[in-house]
2 protein chains.
Amino acid sequence: MNAVSTLSAAALAERIFGTVGGLTRDDPGVSRESFGAGESRAMEAVAAIAAELGLACETDAYKNLWMRLPEDARAAPPVILGSHLDSVPHGGNFDGLAGVAAAMMALARYRGRAAEAPPLRALALRGEESAWYGKAYLGSLALTGKLGGEALALRHRDGHGTLGGAMAMLGIDTEAIRAGKPLLAPGDAAAYLELHIEQGPVMTARGWPVTAVTGIRGNLRHNAVRCTGEAGHSGAVPRWLRKDAVLAVAELLSRMDEHWRVLLQMGMDLVMTSGICTTSPDSHAVSVIPGEVRFSLEIRSQDAATMERFYDLVREECRAVEKSRGVAFTFDTRIDTAPATMDPAWIARLQAASLRLGSPLETIPSGAGHDAAVFANAGIPAAMVFVRNENGSHNPHEAMDIADFLKGVDLLTEAVRTV
Amino acid sequence: MNAVSTLSAAALAERIFGTVGGLTRDDPGVSRESFGAGESRAMEAVAAIAAELGLACETDAYKNLWMRLPEDARAAPPVILGSHLDSVPHGGNFDGLAGVAAAMMALARYRGRAAEAPPLRALALRGEESAWYGKAYLGSLALTGKLGGEALALRHRDGHGTLGGAMAMLGIDTEAIRAGKPLLAPGDAAAYLELHIEQGPVMTARGWPVTAVTGIRGNLRHNAVRCTGEAGHSGAVPRWLRKDAVLAVAELLSRMDEHWRVLLQMGMDLVMTSGICTTSPDSHAVSVIPGEVRFSLEIRSQDAATMERFYDLVREECRAVEKSRGVAFTFDTRIDTAPATMDPAWIARLQAASLRLGSPLETIPSGAGHDAAVFANAGIPAAMVFVRNENGSHNPHEAMDIADFLKGVDLLTEAVRTV
């Protein structure tokens, strides 16, 4: 036995996180650029540790890393355990890497007893973060044949170079990507299971170390809705002759906030955000009635019909406010991302495994997007395990306890045992 | 009789507006800089027409222009008819000038019959607009000894030169201004009457050609209130864990808007404006829960107690929203400008005069500030006549009908006859 394979689970986890984090440090935080140097360094480090653990590694034509038990030669569609290795610029060390670490650790636990579980593969994907090329899930979309040629022309955030260029530098077969050639078709995998840190505060607030994800919220966005009223002297125009864009938007958002509250009470899954909301910097003034407000609107839900109905309500309330306040709302292009449902059978397996390990498993929706949504929407049964994490993600302050992470690894290991 | 004194009233009005407007044209609109060249050109042109009308002109130590009937040698405190001659950059031709034109026309109608009215003076003031030096009512404040030495250091909007420098160039005794020496004490004038275009849309909407002003609204301002919540992932944080600054401000403003509506129904005089309202341009994003909003708040009323009570309500609602939404409101320095009440006896005289001329006179508050407020707050009974005007003021699109203006001149003339 080599040094790594004698480590305790906690020490092994620290070893993986410490090694990869150290190689990709970019204070504050880590930078593992999609299809770039940091991501490749992370992948090489993961492959080296996998080899030390006695796993067989191979790289596919799109330069994702696959790991398997060398003694497992079964041809049946495997259960894939995986996540991504890239990060946002100056991001946290656990977003993505935790899922890859869990996958290789769970897989390694079956060394010498491969027949106890279905065929298993650990997968380290590239390019999940939208921060580098403005589009997310690049690696999993390519793998399932859905990235498309247009994405190859996406420019890097610095304005220099394209995604296609970066892929070519890595030796990726971009012509196959352009042709939409999948490396993984629906029948090729029994399931895709992904462990990931939670990117919201719910599990910390509830005291849940691990959960199963019910679904991944889709979203419906308008980046810039305009409310046009009429500017005027703030002293000289009385209320009944005003067309105040700020008060119109305030009323609209307050009405929607109240509808949101009621719909949550009715059990619907829904979040609503207006992250950008501003009067016009060119013309606004303390003593001028605001004639224009520009605001973003984002609706997310696990259920496409809920998003659609809430959106209809937004448009209806806009018409009501237009009528009562004499303003006009102008909507820019609507952008849709479909929600994904996690596989109910796999959620049930995760819950049963958790009970066997001694505790019930709570479920929550994922508000953020994940590669698991791509696999699910490509026809591969997918499920996710969330691990408690403080301070959100996409920042250097992610805080995941190794004890919580190991509960997640135990859960994955147990869940695949009984398939 | 000379050419001017044989003109019809309408032709005389057109002559005054045409001459002064032509001399100060600065497309689009007119520019008559406070204590600057355009204002001085306007003053010389007004003096020249006044002389043609047979009025005696003199300039005081602060370079305001006074006109009187040459045959009126009475020493009793006069009724002053006046307004200002400056304009905002690229402003309209009637804001200010209409009141000076009305004053000289009303005065000229008493030529040869001075004893029918009290002693009268027409006054053309300088420096009413805040656009040039960031402070309003410079001329009337100086005249009443209230400008103060600090104002002399105010910088021109271009950043070059000061108010004191501009005054010195005109030969104004700035040391007297610094010492707070009034040229007009409370006992020196029986009243100050000012005709002015309305700067809001009420009279056009109501179909009123002229009105008497009940009072001039004061205002209470915060230029920048901060609402601080907590930024977070727009998909991953559920409603109950959010501290959304946009929804908090929306709720606050909607609540205040509703209170405002109710208080108006109760007969209070009140306007409320949040002219600037914005998420932080440095950190806002479509998919980030807004952690901060900055907004301005302005409350105006003719009644200081109404402003104070509404302000208390704002602070109380802020505390309620802080409690329910976990946000915090931080207020910058509060800035107060006192309201001014127009003299009830003079309002009654204007109304009686209007009835004698054949129609009742409606009253409205002035939302915008005027020199009349300075005279009123200095202890000189003040009243104002508003003339209907489309398209607001401080822009080249002011639109006053000469027929409406002449109704105002008739009203002023009749009102002073019976003192």
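Order of the sequence lines fixes the chain letters, A, B, ..., with proteins taken first and strands second; residue numbering starts at 1 for each chain.
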Contacting region of [X] [heavy-atom separation from chain A under 4.5 Å]:
{"X": "B:Met272", "value": "both"}
{"X": "B:Val237", "value": "both"}
{"X": "B:Ala285", "value": "backbone"}

Among [options], residue most engaged with chain B (heavy-atom pairs, under 4.5 Å):
{"options": "A:Ala236, A:Gly200, A:Ala245, A:Ala224", "answer": "A:Ala236"}
{"options": "A:Ser234, A:Ser301, A:Pro290", "answer": "A:Ser234"}
{"options": "A:Ile276, A:Asn395, A:Asn391, A:Asn219", "answer": "A:Ile276"}
{"options": "A:Gly235, A:Ala368, A:Gly369, A:Gly291", "answer": "A:Gly235"}
{"options": "A:Val288, A:Leu247, A:Asp257", "answer": "A:Asp257"}
{"options": "A:Glu258, A:Met256, A:Arg206", "answer": "A:Arg206"}

- Query: Any side-chain donor-acceptor pair under 3.5 Å between B:Thr273 and A:Arg242?
  - Reply: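 Result is yes, a qualifying pair exists.
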- Can you tell which of B:Gly275, B:Pro365, B:Pro281 has the highest number of heavy-atom pairs within less than 4.5 Å of chain A?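 Most pairs with chain A among the choices: B:Gly275.
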- Given the options B:Gly367, B:Gly232, B:Ser287, B:Ser366, which has more heavy-atom pairs under 4.5 Å with chain A than any of the others?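 Option with the greatest count: B:Gly367.
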Please name the pair of heavy atoms, one in [X] and one in [Y], separated by the smallest distance, quoted to 0.1 Å.
{"X": "B:Leu241", "Y": "A:Ala205", "result": "CD1-CB, 3.9 Å"}
{"X": "A:Pro238", "Y": "B:Pro201", "result": "CD-CD, 4.3 Å"}
{"X": "B:Ser254", "Y": "A:Ser254", "result": "OG-OG, 3.2 Å"}

Any side-chain to backbone donor/acceptor pair from [X] onto [Y]? Under 3.5 Å, distance only.
{"X": "A:Arg221", "Y": "B:Val286", "value": "no"}
{"X": "A:Thr279", "Y": "B:Cys277", "value": "yes"}
{"X": "B:Arg239", "Y": "A:Leu264", "value": "no"}

Is it the backbone or the side chain of [X] that comes under 4.5 Å from a heavy atom of chain B, or both, or neither?
{"X": "A:Leu253", "answer": "both"}
{"X": "A:Val246", "answer": "side chain"}
{"X": "A:Ser280", "answer": "neither"}

- Query: So which bits of residues 293-300 of chain A come within less than 4.5 Å of chain B, counting non-hydrogen atoms only?
  - Reply: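 Only A:Ser296, A:Glu298, A:Arg300 of residues 293-300 of chain A have a heavy atom under 4.5 Å from chain B.
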